[in-house]
Asker: 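Sharing a structure below in structure tokens format, with a few things to ask.
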Amino acid sequence: MKGPEQDEFDSLSGSPLHAPLGLNQRRRGPPSHLSARQLAIGASVVAVVGISVLVWRGKDSNGEPYAVARIERVAPEKPAAAAPPAAGPVATAPDVTGSIPPRASGAEVEAATGVKVTRGTEGGDVPAGLIIQVPKTFDMQLTPAPDRRLVEKGPYGPLPKIGADGSRPMEVYARPLINRADGRAPAKLALMIGGMGLNIALTREAINQLPGAVTLGFAPYGSELDSLVAEARSAGHEVILQSPMESFGESDDPGPFVLKTSQDKGQIVDNLRWQMSRFQGYIGIAGFLGARFTASEPAFSPVLREIGQRGLLYLDDASSPRSLARSLSQGANTAFVGADLLIDSRSADEIDVALAQLESMARDKGMAVGTASGLPIVMERVARFTKTLENRGITLVPISALAVRGSAVSSRTRR
């Protein structure tokens with residue numbers, strides 16, 4: 001099949017410039033006899049004309065014809081399951097340029113890069129050019145869970161642990177970070193949206209509506225936790241287990257196996273292990289309610305030690321100013337993330353104001369953490385807020401990216 005370049009060549013070949021002098025004219029007399037000098041002059045003219053036509057067609061540095069390409073951006077298709085990324089929480093977009101032949105066909109480019117290459121004339125600005133469709137985003141693949149190195153048998157089911165090689169669930173199950181190509185380190189903002197798993201429809205709405213860098217918090221109650229957590233992680237969301245804890249309100253009853261100040265240390269740790277065995281693949285634990293429990297050092301200390309010894313982080317959701325999580329995490333050498341703001345409004349305007357306040361905190365301190373419940377209005381406003389966050393000079397990062405341990409815990413000032 002002839003391509004557009006061949007058609008162009010054929011049309012040019014029929015022109016007077018490409019026909020040897022005199023061959024397209026009817027002979028009107030006997031053939032003339034050309035001298036050697038005349039033949040040489042004629043050959044020179046043909047060569048010059050041929051060269052000028054080739055230059056007019058366009059040549060690259062190697063003397064080959066070149067084509068013009070138009071690049072269009074399209075939404076990415078849902079990726080198939082991929083192999084686990086290399087160990088470590090930092091990832092970079094793959095460099096595939098070295099695998100593309102210098103004069104690759106469309107099929108070769110597709111095979112090497114994953115982009116879709118077609119020929120067409122849509123738009124009319126590049127006749128018969130290549131149209132290369134590039135996905136808008138780089139699809140993030142999290143390490144599949146469970147990782148057998150990080151699992152041990154517990155009384156109620158599998159429990160997370162630090163691997164024999166030192167691997168920690170908070171690192172292996174985390175969403176990798178993409179380094180900026182320019183090496184800059186802009187202000188960072190992390191968000192955790194909780195209450196996942198209790199309502200299947202709302203959980204799936206959060207998974208699909210929110211950007212992958214938003215961390216999702218799952219309660220230990222729910223009928224389809226394993227599948228919902230797998231869906232969330234497949235979409236690029238790292239996940240946190242929300243641990244039900246005792247609050248000051250007598251009417252607050254989050255469910256069974258709640259951590260309470262009236263329990264002894266053994267019962268507290270036993271209840272925590274029940275909660276931790278409900279699903280796998282989480283990077284850490286956040287308190288759910290728990291204002292009374294997190295204010296009690298005797299009750300809360302063994303919980304933070306258990307969390308740290310299993311290679312997890314603890315997220316304080318900023319729901320209680322009495323929480324001792326910051327100081328006790330430092331003593332237990334447990335990785336810690338302290339939220340700067342809890343967004344608990346049901347008004348779109350108030351949610352927008354809170355998100356703007358969080359953005360201002362990120363600019364002032366270089367980083368900020370916010371938490372919120374997964375209400376439909378919250379998810380809608382968060383999705384809208386994060387859509388242009390990068391354009392405003394703020395990078396949206398997962399919760400794990402802002403975890404600190406030991407003496408660094410106290411170095412972050414609290415708002």
Asker: Output, in order, the C-alpha distance, side-chain angles, deciding distance and verdict of salt bridge (Lys or Arg N to Asp or Glu O under 4.0 Å) for Arg310 and Glu306.
Answerer: CA-CA 6 Å; Arg310 294 191 175 278; Glu306 178 80 4; 2.8 Å; yes
Asker: Do Tyr173 and Asp147 have side-chain atoms, one donor and one acceptor, less than 3.5 Å apart?
Answerer: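 Checked: Tyr173/Asp147 side chains show no N/O donor-acceptor pair below 3.5 Å.
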Asker: Kindly give the heavy-atom pair with the smallest separation between Ala325 and Asp316, and that separation in Å.
Answerer: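 The pair with the smallest heavy-atom distance is CB-OD1, 3.5 Å.
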Asker: So does Arg175 get a backbone contact from the side chain of Glu238, meaning a donor-acceptor N/O pair under 3.5 Å?
Answerer: yes
Asker: Which value, rounded to the nearest 0.5 Å, describes the distance between Leu210 atom CG and Leu191 atom CG?
Answerer: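 So the CG of Leu210 and the CG of Leu191 are separated by 9.0 Å.
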Asker: Using salt bridge (Lys or Arg N to Asp or Glu O under 4.0 Å), reason through Arg292 and Glu246 one step at a time and then give a plain yes or no.
Answerer: CA-CA 6 Å; Arg292 181 188 296 274; Glu246 182 183 10; 3.5 Å; yes
Asker: Over all heavy atoms of both residues, which pair between Phe279 and Val239 is shortest? Give the atoms and the distance, please.
Answerer: CE1-CG2, 4.5 Å
Asker: Under the side chain to side chain contact (heavy atoms under 4.5 Å, CB included) criterion, do Met192 and Leu315 qualify, and how do the steps go?
Answerer: CA-CA 9 Å; Met192 190 276 286; Leu315 168 65; 3.7 Å; yes
Asker: About how many Å separate CG of Leu375 and CD of Glu380, when rounded to the nearest 0.5 Å?
Answerer: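 Reported value, rounded in 0.5 Å steps: 12.5 Å.
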Asker: With distance as the sole test, does Ser345 use its side chain to make a donor-acceptor pair with the main-chain N or O of Ser347 at under 3.5 Å?
Answerer: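 Checked: pair present.
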Asker: Please say whether the positively charged group of Arg322, taken as NZ for Lys or CZ for Arg, lies over the ring of Phe248, i.e. under 6.0 angstrom from the six-membered ring centre and within 45 degrees of the axis.
Answerer: yes
Asker: Mind checking whether Tyr221 and Phe257 have ring centres under 6.0 Å apart?
Answerer: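 Ring centres of Phe257 and Tyr221 not closer than 6.0 Å.
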Asker: How about Ser373 and Val378: do any of their side-chain heavy atoms sit closer than 4.5 Å?
Answerer: no
Asker: Is a side-chain donor-acceptor pair under 3.5 Å present for Arg149 with Ser167?
Answerer: yes
Asker: Measure the acute angle between the ring planes of Phe300 and Tyr314, then classify it against the limits of 30° and 60° as parallel, tilted or perpendicular.
Answerer: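 Judged by the thresholds at 30° and 60°, the geometry between Phe300 and Tyr314 is perpendicular.
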Asker: Apply side-chain hydrogen bond (donor to acceptor under 3.5 Å, both in side chains) to the pair Gln275 and Asn271, showing each step before the final yes or no.
Answerer: CA-CA 6 Å; Gln275 297 174 7; Asn271 283 356; over 6 Å; no
Asker: Test your reading of the model: is there a side-chain donor-acceptor pair from Ser301 to the backbone of Pro298, 3.5 Å cut-off?
Answerer: no
Asker: Please lay out, stage by stage, how Lys365 and Asp340 fare under the test salt bridge (Lys or Arg N to Asp or Glu O under 4.0 Å).
Answerer: CA-CA 11 Å; Lys365 303 190 301 176; Asp340 299 283; 2.5 Å; yes
Asker: Just wondering, are more than 12 heavy atoms of other shown residues or ligands nearer than 6.0 Å to CZ in Arg392?
Answerer: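 Buried by this count: over 12 neighbours within 6.0 Å.
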